[in-house]
Amino acid sequence: QVQLTESGGGLVQEGGSLRLSCAASGGTFSRYAVGWFRQAPGKERQFVAAISWSGTYTHYASSVKDRFTISGDNAETTVYLQMHSLKLEDTAVYYCARKRRHYSEITLEPSDYTPWGQGTQVTVSS
C-alpha cells in the first residue's frame, strides 16, 4: 500500500521561499493526480494545488496562483510544491494526497483523495 511522506517545511520570513516534497513509498504516483492541501489552526483543510495524472495539467487555489508551483519527478515517486513570496496567511500544515481513483481528473475536495501524508508545518513570520 502506498504511503506518502511530506518534507521541506519550516520557518521562513515573509517574502521567502520553501520547497515541499511529497515522496511515495510502496507505490508511485503513476496514473494518479496528486494534490497539496493545507490546514491552519481552527480552519478546515483547503485545496492548494494539484497536478494531473499525466503531469500535463496543474490547478491552483487563487490565493497561491503565481506564487506556488507544483511539479513531479520523472520517476513519478515525488511531487514538489515550490513556494515563493510567502505570506503570513500561508502558515499552515501542508499535506499531500493522491486521488482515490487512477486516471481521474483534478478535483478540489479533500474527500476525493487518499492516502494522505502526515503533513509538514510551514510557518511564515513577519
Side-chain angles (χ1 to χ4, degrees):
Q1 185 174 353
V2 66
Q3 292 185 317
L4 307 184
T5 303
E6 301 96 337
S7 61
L11 176 64
V12 62
Q13 287 192 324
E14 274 189 295
S17 299
L18 281 175
R19 188 176 81 157
L20 306 184
S21 299
C22 173
S25 59
T28 71
F29 294 122
S30 177
R31 301 171 295 166
Y32 290 89
V34 177
W36 281 96
F37 295 78
R38 66 188 181 187
Q39 189 165 18
K43 295 188 176 182
E44 292 188 351
R45 193 167 297 188
Q46 64 174 193
F47 173 83
V48 175
I51 186 166
S52 65
W53 63 264
S54 65
T56 304
Y57 303 104
T58 57
H59 184 74
Y60 299 91
S62 58
S63 59
V64 307
K65 191 173 174 60
D66 298 328
R67 299 189 296 123
F68 291 10
T69 302
I70 188 170
S71 63
D73 70 344
N74 291 334
E76 299 183 293
T77 58
T78 306
V79 171
Y80 303 97
L81 186 68
Q82 179 68 56
M83 307 185 294
H84 294 299
S85 303
L86 283 162
K87 304 177 180 180
L88 293 176
E89 53 264 40
D90 294 320
T91 294
V93 178
Y94 284 70
Y95 300 89
C96 65
R98 196 181 75 172
K99 283 298 295 284
R100 287 183 182 273
R101 295 169 53 195
H102 59 252
Y103 297 127
S104 63
E105 61 190 26
I106 290 172
T107 57
L108 311 188
E109 286 297 322
S111 60
D112 292 337
Y113 292 78
T114 191
W116 292 77
Q118 82 291 345
T120 186
Q121 176 71 47
V122 172
T123 302
V124 183
S125 65
S126 58

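Basis for what follows: all heavy atoms, side chains included, without hydrogens, waters or symmetry-related copies.
The number of heavy-atom neighbours closer than 6.0 Å to CD of Gln3, taken from other residues, nucleotides and ligands shown, is 12 or below. Applying the 6.0 Å contact sphere to CD of Glu44 captures no more than 12 heavy atoms from other residues, nucleotides or ligands.
Contact of the Ser104 side chain with the Tyr32 side chain is not registered, since no non-hydrogen atoms from C-beta on lie closer than 4.5 Å. Within the 4.5 Å cutoff, no side-chain heavy atoms of Tyr95 are placed close to those of Leu4. Two residues are said to be in side-chain contact when any heavy atoms from C-beta on lie closer than 4.5 Å; Met83 and Val122 meet this criterion. In this structure, Val2 and Thr28 have side chains that are not in contact, with every pair of non-hydrogen atoms separated by 4.5 Å or more.
Identified under the salt bridge (Lys or Arg N to Asp or Glu O under 4.0 Å) test for residues 16-40, with sequence neighbours left out: Arg38-Asp90. Among pairs with a residue in residues 51-66, none fulfils salt bridge (Lys or Arg N to Asp or Glu O under 4.0 Å), at least two apart in sequence or across chains. Sorted by first then second residue, the salt bridge (Lys or Arg N to Asp or Glu O under 4.0 Å) pairs that include residues 92-107, not counting sequence neighbours, number zero. Pairs of residues two or more places apart, or lying in two chains, that qualify as disulfide (SG to SG under 2.5 Å) and include a residue from residues 33-126 are Cys22-Cys96. The disulfide (SG to SG under 2.5 Å) pairs that include a residue from residues 42-94 number zero, where partners must be two or more places apart or lie in different chains.
Connection of Tyr60 to Ile51 is established within a shared hydrophobic cluster, with ILVMFWY side chains joined at heavy-atom distances below 4.5 Å, either directly or through further cluster members. With hydrophobic clusters built from ILVMFWY side chains whose heavy atoms lie under 4.5 angstrom apart, Val34 shares a cluster with Val64. Hydrophobic clustering, with ILVMFWY side chains joined whenever heavy atoms are under 4.5 angstrom apart, keeps Tyr113 apart from Phe29. Under the 4.5 Å side-chain heavy-atom criterion for grouping Ile, Leu, Val, Met, Phe, Trp and Tyr, Tyr57 is not connected to Phe68 through any hydrophobic cluster. Residues Val93 and Val79 do not share a hydrophobic cluster, defined by chaining ILVMFWY side chains whose heavy atoms lie under 4.5 Å apart.
Ring geometry for Trp53 against Tyr103 counts as perpendicular: the plane angle is over 60°, on a 0 to 90° scale with 30° as the lower cut. In this structure, Phe47 and Phe37 have perpendicular ring planes: the angle between them is above 60°, well past the 30° mark.
Of all heavy-atom pairs spanning Gly9 and Leu20, the tightest one is N-CD2, 3.6 Å. Shown here for Ser17 and Ser85, the closest heavy-atom pair between the two residues is OG-N, 4.4 Å. Pairing each heavy atom of Trp116 with each of Ala97, the nearest pair is CD2-CB, 3.4 Å. The two residues His59 and Leu108 have their closest heavy-atom pair at CD2-CD2, 3.5 Å.
The backbone N or O of Ser7 sits nowhere less than 3.5 Å from a side-chain atom of Tyr94 that would complete a donor-acceptor pair. For Glu6 (side chain) and Gln118 (main-chain N/O), a donor-acceptor pair under 3.5 Å exists by modelled atom type.
The distance from atom CD1 of Ile106 to atom OG1 of Thr58, rounded to the nearest 0.5 Å, is 6.5 Å. In this structure, Thr78 OG1 and Asp73 CG are separated by 4.5 Å, a value rounded to the nearest 0.5 Å. To the nearest 0.5 Å, the span separating CD1 on Ile70 from CD on Gln82 amounts to 12.0 Å.
Remark: Thr123 pairs with Leu11, Thr91, Gln121 by the side chain to side chain contact (heavy atoms under 4.5 Å, CB included) rule, at least two apart or across chains.
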(request) Tell me, with the steps shown, if Thr69 and Leu81 meet side-chain contact (heavy atoms from CB on, under 4.5 Å). (result) CA-CA 6 Å; Thr69 302; Leu81 186 68; over 6 Å; no
